[in-house]
Amino acid sequence: AVVSTQSTGKGDRRKTAKYSAQKLYEKGVLVEIEKVPVSSFKAVTIEFSTTDEVGTFEVSGKLSGFNIDKINVVFENLLQLQYEGVSTLKFEDSGVVVNVNLLIFLLNKKFYGVE
């Protein structure tokens, strides 16, 4: 994963982490992307970025250079799903399905320095 800090010019600093969908799939974070076969995951890049709102992450993707819809993920909502025992979360518009616990672990590790 490539983790970087970018300035958006407003004095704030956004942290980003980029992964191939293949890597997230191997780690178990990504369960599936509807209409995208696992064999094509190498061509999909997924980027997690912090936003101006604490605990909210913007998730964007690219498939062979084409942008995929951006999704906002609220960390508190993930924790609520974890508390309720929900194992996977599907983002309806994009057809992306993630493992809730492993996504929480990934965001904690990359953005909060918790292991």
Contacts table for residues 28-36: side-chain donor-acceptor under 3.5 angstrom, sequence neighbours left out:
unit_1 : atom_1 : unit_2 : atom_2 : d
Glu34  : OE2    : Lys90  : NZ     : 2.5

Can you give each donor-acceptor pair under 3.5 Å made by side-chain atoms of residues 94-106, sequence neighbours left out, with the distance rounded to 0.1 Å?
unit_1 : atom_1 : unit_2 : atom_2 : d
Ser94  : OG     : Phe91  : O      : 3.4
Ser94  : OG     : Val96  : N      : 3.3
Asn99  : OD1    : Asn101 : N      : 3.1
Asn99  : OD1    : Leu102 : N      : 2.9
Asn101 : OD1    : Gln82  : NE2    : 3.0

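- Put simply, the side chain of Asn77 does not reach to within 4.5 Å of the side chain of Leu89, judged on heavy atoms.
- Nearest heavy-atom pair, Ile46 versus Ala21, reported as atom, atom and distance to 0.1 Å: CD1-CB, 4.1 Å.
- The same ILVMFWY cluster, assembled from side-chain heavy atoms under 4.5 Å apart, contains both Leu81 and Leu79.
- For residues 53-67, the set of pairs meeting the side-chain hydrogen bond (donor to acceptor under 3.5 Å, both in side chains) definition, not counting sequence neighbours, is empty.
- Under a hydrophobic-cluster definition in which Ile, Leu, Val, Met, Phe, Trp and Tyr are linked whenever side-chain heavy atoms come within less than 4.5 Å, directly or via other members, Tyr19 and Tyr112 are assigned to the same cluster.
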Start with the C-alpha distance between Tyr25 and Val44, add both sets of side-chain angles, then the distance that settles side chain to side chain contact (heavy atoms under 4.5 Å, CB included), and finish with yes or no.
-> CA-CA 11 Å; Tyr25 181 74; Val44 179; over 6 Å; no

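- Closest heavy-atom contact between Leu107 and Phe48: CD2-CD2, 3.9 Å.
- By the 30° and 60° cut-offs, the orientation of the rings of Phe75 relative to Phe57 is perpendicular.
- With rounding to the nearest 0.5 Å, the separation of NZ in Lys110 from NZ in Lys18 is 14.5 Å.
- Cluster membership check: Val74 does not share its hydrophobic cluster with Val59, using side-chain heavy-atom separations under 4.5 Å among Ile, Leu, Val, Met, Phe, Trp and Tyr.
- With hydrogens and angles left out, the side-chain atoms of Glu76 and Gln80 include no donor and acceptor closer than 3.5 Å.
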